[in-house]
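In what follows, a structure is listed as structure tokens, so that the remarks can point back to it.
Whatever order the structure lists ligands and atoms in, that order sets their numbers, starting from 1. This one's a predicted model, so the numbers in the text were calculated from it and none came from an experiment. Along the sequence shown, residues are numbered consecutively beginning with 1.
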Amino acid sequence: MTGIGCHTMVNFVRPEIALPPTHMGGEGTNWVGLAPYVGTDHVFQNMGDGTYFHSGLMAIRASVASGVNITLNSP
Ligand SMILES: Cc1ncc(C[n+]2csc(CCOP(=O)(O)OP(=O)(O)O)c2C)c(N)n1
């Protein structure tokens, strides 16, 4: 799953492997809603460094609190 920022351009070149982004600070929260309804066990979520310092920490906290299986990485 992509984050918002320049690295979102992966959606243009590999749309078959990347889901569209949320706003800054929402990274992974769309997976919180999707995870119970699909067969995928785990996702990777990109988050830019600017987003992390802006509001991304809140998104990480939301993923931890919900208990979803997700790995966040900074591209
Ligand atoms: C809540 C919110 N505020 C502002 C924006 C506008 N915005 C889109 S991308 C971006 C910068 C993201 O920077 P970074 O996370 O470092 O990603 P990079 O551009 O380096 O890939 C901003 C401010 C946004 N998408 N969401």
Side-chain angles (χ1 to χ4, degrees):
M1 303 169 80
T2 53
I4 189 72
C6 298
H7 61 276
T8 309
M9 286 188 285
V10 70
N11 284 115
F12 304 139
V13 293
R14 296 296 302 274
E16 73 281 11
I17 64 162
L19 293 177
T22 64
H23 58 284
M24 294 169 77
E27 286 79 4
T29 54
N30 40 359
W31 180 239
V32 172
L34 275 172
Y37 303 104
V38 296
T40 304
D41 292 328
H42 170 262
V43 296
F44 290 94
Q45 169 70 60
N46 283 350
M47 177 189 292
D49 57 343
T51 297
Y52 174 78
F53 288 109
H54 175 271
S55 52
L57 188 56
M58 300 298 287
I60 295 171
R61 290 176 61 184
S63 289
V64 172
S66 70
V68 291
N69 191 8
I70 186 170
T71 303
L72 285 103
N73 64 287
S74 189

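Of the inter-residue distances, the one linking M1 atom CE with T71 atom OG1 reads 12.5 Å to the nearest 0.5 angstrom.
Between atom 9 (S) of ligand 1 and the options P75, G5, G3, the minimum heavy-atom separation is to G5. Across the listed options D49, N46, T51, D49 owns the non-hydrogen atom lying nearest to atom 20 (O) of ligand 1.
The shortest contact between atom 8 (C) of ligand 1 and any protein heavy atom is with I4 CG1, 3.6 Å. Of the protein's non-hydrogen atoms, C6 N, 2.9 Å is the one closest to atom 19 (O) of ligand 1. Atom 23 (C) of ligand 1 has as its closest protein heavy atom M24 SD, 3.3 Å.
Here the closest non-hydrogen pair linking A18 and T2 is CB-CG2, 3.9 Å. For the pair P75 and M47, the tightest heavy-atom approach, listed with the atom from each and the gap, is CD-O, 3.4 Å.
Residue contacts with ligand 1: H7 is placed with a nitrogen or oxygen under 3.5 Å of a nitrogen or oxygen of the ligand (distance criterion only).
Here the side chain of S74 pairs no donor or acceptor atom with the backbone of G48 at under 3.5 angstrom.
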Just list the side-chain donor-acceptor pairs under 3.5 Å for residues 27-36, sequence neighbours left out, or say none.
from	atom 1	to	atom 2	distance (Å)
E27	OE1	G25	N	2.8
T29	OG1	G26	O	2.4
W31	NE1	N69	O	3.3

